[in-house]
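Notes follow once the structure below has been shown.
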Amino acid sequence: MAMWIWHPEWTEHSTDSAGAFVHFRKTITVTESISKPVHIHITADTKYKLYVNSDLVSVGPVKGDRHLWFYDELDIQPYLRLGANTISVRVLRLYHATTHATSFPRLHVPGLLIRNGGLDPAPAIDVQTNDSWETALDKSTTLPTDILEDAFLHIYEKVGQYTTQPNWIPAKPLVFSTSHGLAAPWKLSPRLIPFPRYESVTFKAIHNIESNQPRANWEEALLGPHDTTSEGICLPAGSRHRLELEVENHTTALLYFRFKCPEHAGSTMQVVYSECYENVPDIVPWIRRKGDRRDTGKKLLGPKDEYCIPGVADQKLRSTLNYNSNCSDEDVFAPFHFRTFRFLALDITVSALSDLTMKRVDITTTKYPLQVLADFEVPSADNAYRQMWTTSIRTLSNCMHDCYEDCPFYEQLQYAMDTRSSALFTYCCSGDDRLARQAIIQLHNSYSPAVGLTASRAPAHQLQLIPHFSLFWICMISDHFKYFHDGEFVRQFLPVCDGVLDSFARRIDSKLGLIRLSDSSEQWDFVDWADSWKPLGIPPAAERTGFASYTNMLYAYTLKRISEVLVSVGRPAVAGEHQLRADGTLLALKTHCFDGRFFTDALASEAACDNDYSQHGQVWAVLSGAATGDLAFDIISECTAVSGARTFTPTSTAMSFYTLRAMSMVGGSLYDERFHGFWGPWKDQLSLNLTTWLEDTVSQRSDCHAWGSSPIYEFATEVAGVRMGTPGWKTMTFHPRVNLFPTLDVKVPFGVPDSSGLAHVHWKREHNTTKVSLSLKMHTGKSVRMPIRVVYPDGHDEMMDGAEDIHLTLN
């Protein structure tokens with residue numbers, strides 16, 4: 001019988017480390033050939049790596065929390081052989097009673113569980129966890145909590161020498177009461193998302209070498225395809241070496257630093273992980289000074305691993321761990337968690353007692369297996385847009401692992417506002433909703449009835465409340481319903497949506513009809529990373545008056561969006577209540593936050609001319625419906641103009657997506673007129689040699705943040721003009737913006753998973769006409785029967801039958 005197990009002598013020490021590693025092993029004997037799959041379920045608190053006969057089989061589980069803890073189902077049959085087989089598990093346990101490693105939820109009890117899986121388990125292959133397993137504590141590795149560049153993850157390792165052989169003892173079964181409604185702490189669920197995609201890459205270049213070995217030797221050892229028979233590079237005893245390594249693009253990867261096991265211990269290696277070359281920051285890690293990311297005259301700064309390389313005698317002590325099939329003459333430093341980097345700074349100090357041979361460094365990228373179906377091609381003269389497309393895809397992909405992540409380098413946290421954008425970008429480029437569904441569930445599970453809000457980020461070890469982010473979570477539900485029309489899925493979240501919206505309604509001022517800012521110091525009324533709103537991202541006018549136009553606009557916007565869902569799932573009465581609340585809020589905004597020409601960041605009667613007007617106020621006035629018609633067009637035209645009568649606080653990279661939505665929504669020619677100029681900041685980043693989009697231009701903290709991947713949505717939905725007409729793609733709207741590019745070739749996925757396809761848009765301008773074609777192909781090969789509303793450049797529209805390719809000639 002399978003049961004949770006752990007080391008009987010485990011204690012949680014939180015003085016100098018965020019956690020510790022625990023080893024588990026069991027030997028089984030296979031007496032006859034196995035042809036059928038051998039399925040197991042495996043999970044651990046906090047993370048595990050499973051090895052069978054020294055081969056790495058799986059890394060997991062997906063991040064969970066007390067509401068939902070995931071397990072993996074694996075087939076280990078391909079790794080088994082006749083005779084003795086060693087099953088090994090290395091578990092990272094992050095200490096519970098600390099605020100360290102915020103990105104990794106864990107419960108108050110550590111544990112490992114393996115049990116038989118599948119419909120037809122193989123009883124002769126018993127790897128289930130019980131007291132037949134052995135376990136040992138890893139006393140050589142700590143996870144430092146004092147690295148300035150590492151305020152969130154605490155997964156970087158300081159590995160010392162093995163001085164004694166691991167002390168293997170029987171594992172202790174964990175006994176939990178399973179009656180009277182009691183159970184183990186972990187509420188187990190199969191993983192909801194596919195396993196990661198792994199790919200090998202190599203280093204592109206070596207910079208700033210300080211070594212007595214020539215560049216050619218280093219390049220032969222570390223660049224290009226690896227010859228596993230290569231001797232590597234020999235570093236003389238007593239020598240010191242520094243070099244800086246570059247990969248082609250910003251990367252998330254598992255790393256394997258391989259050495260020939262030296263005769264004596266004492267050599268050390270330090271690895272610093274960096275996103276770019278930069279000047280010394282103003283504030284580490286928050287406020288950076290960056291320019292050309294490949295300016296090798298600057299510094300590489302970031303978190304670090306430190307590793308003591310064992311000698312032959314010490315390596316024998318480690319051989320019982322069974323994590324390396326070639327452990328007799330090779331030593332491998334393989335950091336447990338994936339690392340994020342574009343550059344590595346490597347410092348090696350060789351022991352005076354013996355030479356050290358570095359064989360190679362293996363890089364295996366890891367990320368969510370995003371299948372990009374969309375594509376965007378423009379004439380070579382507009383090559384920057386093609387680069388923007390590929391950079392956006394890369395950025396989004398690098399921010400998708402166990403969950404959507406704000407930035408893989410610093411936080412790896414799934415924030416609701418960020419995730420809403422990332423999910424939309426995912427729908428546009430792949431049609432895949434699996435990671436988004438998981439995100440919606442995890443944020444839902446973070447709901448606190450006492451405050452009426454979801455957490456700003458989930459799963460996470462430390463609770464944070466940003467009220468606006470609960471509204472973005474509701475918008476995620478609305479988005480999902482529109483794209484996939486899955487009423488059964490969204491219905492389960494509606495009670496919490498009601499609770500969130502009621503929490504805002506309870507803060508409505510009885511005289512003004514506006515929502516007040518939260519009066520709790522435990523909540524953060526963050527709006528955007530605007531330079532003039534430092535340090536907390538809150539408009540000064542809102543802090544001064546206690547009211548924020550943005551809060552009320554986002555609230556009304558959210559009410560209207562979820563009302564559409566409620567009507568569709570049979571709750572029209574609640575939808576009517578929400579619509580009345582939205583109408584009341586919009587009236588209050590027009591009464592108290594509109595100066596007759598523009599919307600102010602708070603109360604118009606107290607507005608300061610120089611600092612209380614923002615693009616945010618105009619954008620969200622349009623999106624919420626506070627501004628319509630000519631007014632909407634005028635305020636968006638004015639606030640997005642290069643120069644105008646008034647200065648507006650600009651929206652950041654994060655909010656640029658919503659600026660574009662407002663530009664599109666007001667109609668006319670404004671979107672087309674502003675389009676090419678709008679992308680100046682993105683083109684600037686390309687000129688600075690970024691390969692992923694930065695977090696924001698204010699702090700420049702992270703060089704990879706998916707909320708900057710707006711080009712995915714714009715190029716597919718606005719430029720190519722392929723968008724959903726009615727929820728679930730019952731109809732399609734085709735509104736190509738043919739004036740933006742003379743030639744265009746775009747592919748856009750559409751439909752729901754059981755009935756999905758690819759739309760192919762092509763146009764070419766010849767003389768004074770543009771010939772446009774739209775063809776639809778279903779993945780099943782079946783013909784398409786989808787009504788398509790074609791919107792022409794002059795605004796008039798026409799319904800067409802999507803069963804045939806559509807060909808238009810536009811003047």
Got a salt bridge between [X] and [Y], using NZ or NE/NH1/NH2 to carboxylate O under 4.0 Å?
X    : Y    : result
E718 : R661 : yes
R597 : D634 : no
E411 : R701 : yes

Please work out which of the three classes, parallel, tilted or perpendicular, describes the rings of W679 and F715, given edges at 30° and 60°.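 If you compare the ring of F715 with that of W679, the planes turn out perpendicular.
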Considering residues at least two apart in sequence or located in another chain, which fulfil the ring-ring contact (aromatic ring centres under 6.0 Å, His included) criterion with [X]?
X    : value
F526 : W524, W529
F493 : H444, F489
Y550 : H468, W620
F657 : F425, Y713

Atom pair [atom1]/[atom2] of [X] and [Y] - distance to nearest 0.5 Å:
X    : Y    : atom1 : atom2 : result
I193 : D402 : CD1   : CG    : 6.0 Å
Q414 : C399 : CD    : SG    : 11.5 Å
D282 : Q700 : CG    : CD    : 10.0 Å
R420 : M476 : CZ    : CE    : 9.0 Å

Can you list the residues that meet the side-chain hydrogen bond (donor to acceptor under 3.5 Å, both in side chains) rule with [X], with sequence neighbours excluded?
X    : value
K590 : none
K560 : none
E606 : none
N445 : none

Does either side chain, that of [X] or that of [Y], offer a donor lying less than 3.5 Å from an acceptor on the other one?
X    : Y    : result
D595 : T600 : no
H480 : D433 : yes
Q387 : T391 : no
W693 : S392 : yes
D696 : S699 : yes
H796 : D794 : yes
D432 : Y368 : yes
Q464 : S456 : yes

Within the side chain of [X], is there an N or O that forms a donor-acceptor pair under 3.5 Å with the backbone of [Y]?
X    : Y    : answer
Q685 : L694 : yes
T692 : D703 : yes
Q615 : C639 : yes
K63  : S103 : yes

Ring centroid separation for [X] and [Y], is it under 6.0 angstrom?
X    : Y    : result
F152 : H461 : no
F741 : H676 : yes
Y427 : F484 : yes

Yes or no on side chain to side chain contact (heavy atoms under 4.5 Å, CB included) for L396 and C429, after CA distance, side-chain angles and deciding distance? CA-CA 10 Å; L396 175 65; C429 72; 4.1 Å; yes
Going by salt bridge (Lys or Arg N to Asp or Glu O under 4.0 Å), name the pairs with one or both residues in residues 453-471, residues two or more places apart or in two chains.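 The answer is none; no pair qualifies.
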Derivation and outcome, side chain to side chain contact (heavy atoms under 4.5 Å, CB included), residues M665 and I636: CA-CA 10 Å; M665 190 172 176; I636 295 300; over 6 Å; no
Before you tell me yes or no, could you show the steps for Y658 and T651 under side chain to side chain contact (heavy atoms under 4.5 Å, CB included), namely the whole-Å CA-CA distance, both residues' side-chain angles and the distance that decides it to 0.1 Å? CA-CA 9 Å; Y658 298 100; T651 52; over 6 Å; no
Residues which pass salt bridge (charged side-chain N to carboxylate O under 4.0 Å, His left out) with D502, listed by chain and number, not counting sequence neighbours: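 R581.
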Sequence neighbours left out, what passes salt bridge (charged side-chain N to carboxylate O under 4.0 Å, His left out) with D528? Give chain and number order. none
In chain order, what residues pass the side chain to side chain contact (heavy atoms under 4.5 Å, CB included) check against P787, with sequence neighbours excluded?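 Side chain to side chain contact (heavy atoms under 4.5 Å, CB included) check on P787 returns T731, M799.
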Using the ring of Y671 (Phe, Tyr or Trp, six-membered ring only), decide whether R737 places NZ or CZ under 6.0 Å from its centre and within 45 degrees of its axis.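 Yes, a cation-pi geometry.
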